Amino acid sequence: MPEIRVTPLGAGQDVGRSCILVSIAGKNVMLDCGMHMGFNDDRRFPDFSYITQNGRLTDFLDCVIISHFHLDHCGALPYFSEMVGYDGPIYMTHPTQAICPILLEDYRKIAVDKKGEANFFTSQMIKDCMKKVVAVHLHQTVQVDDELEIKAYYAGHVLGAAMFQIKVGSESVVYTGDYNMTPDRHLGAAWIDKCRPNLLITESTYATTIRDSKRCRERDFLKKVHETVERGGKVLIPVFALGRAQELCILLETFWERMNLKVPIYFSTGLTEKANHYYKLFIPWTNQKIRKTFVQRNMFEFKHIKAFDRAFADNPGPMVVFATPGMLHAGQSLQIFRKWAGNEKNMGTVGHKILSGQRKLEMEGRQVLEVKMQVEYMSFSAHADAKGIMQLVGQAEPESVLLVHGEAKKMEFLKQKIEQELRVNCYMPANGETVTLPTSPSIPVGISLGLLKREMAQGLLPEAKKPRLLHGTLIMKDSNFRLVSSEQALKELGLAEHQLRFTCRVHLHDTRKEQETALRVYSHLKSVLKDHCVQHLPDGSVTVESVLLQAAAPSEDPGTKVLLVSWTYQDEELGSFLTSLLKKGLPQAPS
Amino acid sequence: MDPGDDWLVESLRLYQDFYAFDLSGATRVLEWIDDKVFVAGYESLKKNEILHLKLPLRLSVKENKGLFPERDFKVRHGGFSDRSIFDLKHVPHTRLLVTSGLPGCYLQVWQVAEDSDVIKAVSTIAVHEKEESLWPRVAVFSTLAPGVLHGARLRSLQVVDLESRKTTYTSDVSDSEELSSLQVLDADTFAFCCASGRLGLVDTRQKWAPLENRSPGPGSGGERWCAEVGSWGQGPGPSIASLGSDGRLCLLDPRDLCHPVSSVQCPVSVPSPDPELLRVTWAPGLKNCLAISGFDGTVQVYDATSWDGTRSQDGTRSQVEPLFTHRGHIFLDGNGMDPAPLVTTHTWHPCRPRTLLSATNDASLHVWDWVDLCAPR
């Protein structure tokens, strides 16, 4: 029974560690390979033992696909490919290929150098892993092998994020990764065509939420920044360098212009610059608005936003600084934070410890820093909510939908909504649980023109809804199916044709000569079989279409005649029919 | 810079907090249970959703507000209704809801599941008089044995015990006046307002003998009226507000319903495109504050403190100015497109004094906390 099997591998119900195994028509694909940011031990990696039970990963998996550069989707990739062991192809979009190694290296540095973790992948491993990457373009059909093909679609969310269609023959699965259906300031909205996959796999982390509008989130951010600089304070914004920093830069730039503000805005050098460099490279991946304005001026070179110099942190007066890395672990943002934390006027968006409400932080050298500045935590990540999921499912028109990363009990209503409104089946497997979907793939068979023509010549016109029995030979070659006439098949295969002929003897009681018996048979059949072509040949034999009837007189009994009924294998039906008919006897001959 | 962006900059000054959501369907219902609110769709041709929404955490917490990034509604429970829903009431101390819609031949009772996120239809309550185009107003007596008060007209008013389904009270009158609102005030009293403006307070322990303003409303001209009773039993003073589709707002003292304490004219565009949507509410956290909606895409907040005895010599009503006007629905959702959105309902947050929720006919839902520009900084 053909089927598609899906197993989410990441453990736990919380966001993080996206890693899904899909088996389709004998091919095995791994979708994403994420790291769970909340754990410090092996729990942060997906449970690969599920796959390795089947032997070597490289032999088992046909390919790995990475949807975008966020660590909860690619963070475990070097561990997987270099430490667990996988040498097959890893597919991702060009921007993802460019940005992934930067984030992986950044994370490695913090984990190993700052936190002193062991059993972590090395810089060399990241490099070796990236060597296995094959980059793809949007809407480009990529042949992984003879049967498996993949195609990337625009997902929005972050630069280079893609949704992937995985296709083998007529069966296909679409994996969305993270996506959003509303365009933002630098990225467009996700889009897919009516590809009608058997299954659509989508994240459901935000499926039971109704998202606050983008405008209101931006408003909130602007308000806090504005209020702080109005009172002469400084704003520190640690960001995960890429993606969101650009968004916020564009936002501030736009509003600084509108509100005619002169307060300086800085972004720290290093990662953000690299990111801007990449954004320029990948401008086709940004949204319409940006691409249009890019022609006039380079949108990623900001008028009001300048590069930061350490010394500026000591400048008096208000300012806004975007600093990296994200969680205030180390580097520039931590330095600036220390300088400004003691002042109530200042405000910053922050990382873990502060988020949990801590107001006293222990710094290096046992120094304790008291946090007097105001702290705001803002979330700009663009994920699809319930509405977004419904929209995407409506676009792709899958037969079934599978939601990962959600709690089944808390999503019964959404499941009903999807099933009712969109008329598709909805699955919600827990991590480690396999969902099996039966499929009925259609097998296309080409029929030769000659065979078709011959069938048409048989006389009766084909009726559209009625099945029609056809004799031919099915040739299966190179995943191709063809139905041809037997003669053509023999020719192609270089075989000689053998004819099978059956002959049956029917004993008839008749005292006359065999020629007259034959005539009697002819008359009888002619009157009974009005639809068939019955002929009396000059040599005395009778034909009913291609069946041959000959009368003979056995020497032993002059009162009995033997009728030899002979037909080819193809005419079995007619032959048998005639034989049974004749066995019933002939009507009395007129005297 | 589009007008939406312009308004956003303006809003930095006008609002402390502001959230805008897009529901899957427009709602005419905003009913609270603690910090969660119910909304329900009212379309006639397709399935409607009842949603039980948890407000973003930021609106619930008092301390460390800044540390909560989530600005989204969480759908805690959801259910489907074949009928449109125009009114939804929670039965206190239970997991039951009662809804009313068209066709108005019965009320639907729902159960909010405990172990899953589903709201299921469990039973119906038949109404006294089956009306095709009127839907019965609903209110709930939250006594030990909850009773559902309902009716589309004065003569079809009754109270049904939810458990036994026995009728415990009927108005028993032949008056066919159409009702526009019902409100339970305490264990034995409820208030009604007819579409004509006729107001009444009913004691269910007696046979029908309401305290009321007999005249067909403070005016007669075919206007439609609605009303709300504010703090009940909390001392003297006007506690009943009555709003007409011509923009008239009257404040009344329950001891003398025939003579309004004040009668003002609100600066609204009249006539209201759909007078059934008119709504007037008292602020639970601000003294003498009211909000009105239903005339257009705005919600207006008024301070009625200085309105006592407001009436000019010649009997004409004096114009008042709102303390605050919420225009978000016009700028953020309408964006200058035709037709302009219409506010279908609004409600005050039970604990946050200046926070309101408002919904429009194009399925948007706003949560906003306005800045009192007149108050001392």
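These numbers were taken from a predicted model, which means no experiment stands behind them. Only this structure's heavy atoms are used, side chains among them; waters, hydrogens and symmetry mates stay out. Convention: sequence-line order gives letters A, B, ...; per-chain numbering from 1.
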Practice task
Report the residues that fulfil salt bridge (charged side-chain N to carboxylate O under 4.0 Å, His left out) with B:E49, sequence neighbours left out, ordered by chain and then residue number.
Solution key: A:K417

Problem - Charged N-O contact under 4.0 Å between A:R211 and B:D72 - result: yes

Completion exercise
Among residues 24-36 of chain B, those lying within the under-4.5 Å heavy-atom range of chain A are B:S24

Problem - Contacting moiety of A:K387, where chain B heavy atoms sit under 4.5 Å - result: side chain

Exercise for the section: Work out which heavy atom in B:S84 is nearest to a heavy atom in B:Y42; give both atom names and the distance. Expected result: CB-O, 3.1 Å

Exercise for the section: Only counting residues at least two apart or in another chain, list the ones meeting salt bridge (charged side-chain N to carboxylate O under 4.0 Å, His left out) with B:D115. Expected result: none

Exercise for the section: May I ask you to check whether B:W370 and B:F324 place their ring centers less than 6.0 Å from one another? Expected result: yes

Handout entry: Portion of B:I119 that has a non-hydrogen atom of chain A nearer than 4.5 angstrom
Key = neither

Fill in the blank from the handout: Pair count under 4.5 Å, heavy atoms only, with chain B: among A:M259, A:E421, A:K410, highest is A:K410

Problem - Portion of B:K54 that has a non-hydrogen atom of chain A nearer than 4.5 angstrom - result: neither

Handout entry: Mutual orientation of the aromatic rings belonging to B:F21 and B:F73 [parallel < 30°, tilted 30-60°, perpendicular > 60°]
Key = tilted

Handout entry: salt bridge (charged side-chain N to carboxylate O under 4.0 Å, His left out) partners for B:E10, two or more places apart
Key = B:R13

Practice task
Let me know if A:Q420 has heavy atoms under 4.5 Å from chain B in its side chain, its backbone, both or neither.
Solution key: side chain

Exercise for the section: Anything under 30° is parallel, anything over 60° is perpendicular, the rest tilted; go ahead and classify B:H329 against B:H326. Expected result: perpendicular

